[in-house]
Amino acid sequence: LLPVNPKGAAAEASKAAAMLRLRSAVRPTMPPAPPVAYRPEPTRAPRPVRLDWARARADRVPIVPEGRVVTRQEAARDHVLPRPYVLKPVAEGSSVGVFIVTEQHAHPPQELNRPDWSLGDRLLAEQYIPGKELTCAVMGDRSLDVIEIVAATKFYDYEAKYAPGGSKHVLPAQISPIVYQEARRLALKAHHALGCRGVTRADFRYDDRSAGTEGLVCLEVNTQPGMTETSLVPELAAYAGISFDELTRWMVEDASLSR
């Protein structure tokens, strides 16, 4: 089993609590993709910022097909899903405490039984989706470009996210133009389907063994994406010609508007 990552700062727990999880070859020299227009349905009522798998499915956002919330005791006692699957504490963010359970693991992670376990008693169990790690940011009604994340570790864990050199960001992602634009379209659609405002970042897995866009799955929408030196949103904004100062100014001004 992959080891439990060190617990992040208190701010990470706050970020995780606000994180919404969804259910339901471009060339390196290519210019930033044009904005994707969003035309909301006039009959649709305003939506609260609350996760709703049925809502995601109704909006035809491809999501992880199998998953449920389980207790720590259940997850340690027996396999809660067919392998391979992923376990993640629901109260944590930045991949803290994540396990990837594969066919080679006869038993579930026994680290969950440790007396010093401090990452909560509820875990999200989901089917493991193989493939590329993609992410796309949204600013209001505009989706930015798509990054492929190549982790230096076994998967995109806490160290890969925040340690210098922990991961490589390929921008623009080296995937087919059809999949690239579909990721942008789905990021914007998920943003609006969940009633989000301001800046969000949608994370995807893409199994390129599938035909067309069939292998593209949206894992989650981050409503408080990172803004550190190694974070993805500032990098995507810079690629679109938006400086860090311009990005933060837009976020503050957008948040101050009466809705």
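Treat the numbers as computed from the prediction; the structure is a model and nothing was measured.
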Electrostatic pair Arg249:Glu246 at N-O distance under 4.0 angstrom: no
For the pair His192 and Asp141, evaluate side-chain hydrogen bond (donor to acceptor under 3.5 Å, both in side chains) and give the outcome as yes or no after the intermediate values. CA-CA 8 Å; His192 286 284; Asp141 289 338; 3.0 Å; yes
Look at the rings of Trp117 and Phe99 and say which category their plane angle falls in: under 30° parallel, 30 to 60° tilted, over 60° perpendicular. parallel
Using side chain to side chain contact (heavy atoms under 4.5 Å, CB included) as the criterion, list what pairs up with Tyr128, not counting sequence neighbours. Pro84, Val86, Ile100, Pro130, Arg205
Under the side chain to side chain contact (heavy atoms under 4.5 Å, CB included) test, which residues partner Gln104, sequence neighbours left out? Thr102
So CG of Asp145 and OH of Tyr239: to nearest 0.5 Å the spacing works out to 5.5 Å
Which of these, Thr71, Leu87, Asp121, sits in a side chain to side chain contact (heavy atoms under 4.5 Å, CB included) with Leu112? Leu87
Glu235: partners by side chain to side chain contact (heavy atoms under 4.5 Å, CB included), with sequence neighbours left out: Ile147, His169, Leu171
Could you grab the distance from atom CD of Glu103 to atom NE2 of His79, nearest 0.5 Å is fine? 10.0 Å
Are Met227 and Met139 connected into the same hydrophobic cluster when the rule is that any two of I, L, V, M, F, W, Y join if their side-chain heavy atoms are below 4.5 Å apart? yes
Between Glu148 and Lys132, is there a side-chain N and carboxylate O pair less than 4.0 Å apart? yes
Taking atom CD of Gln181 and atom CG of Leu186, what is their separation to the nearest 0.5 Å? 11.5 Å
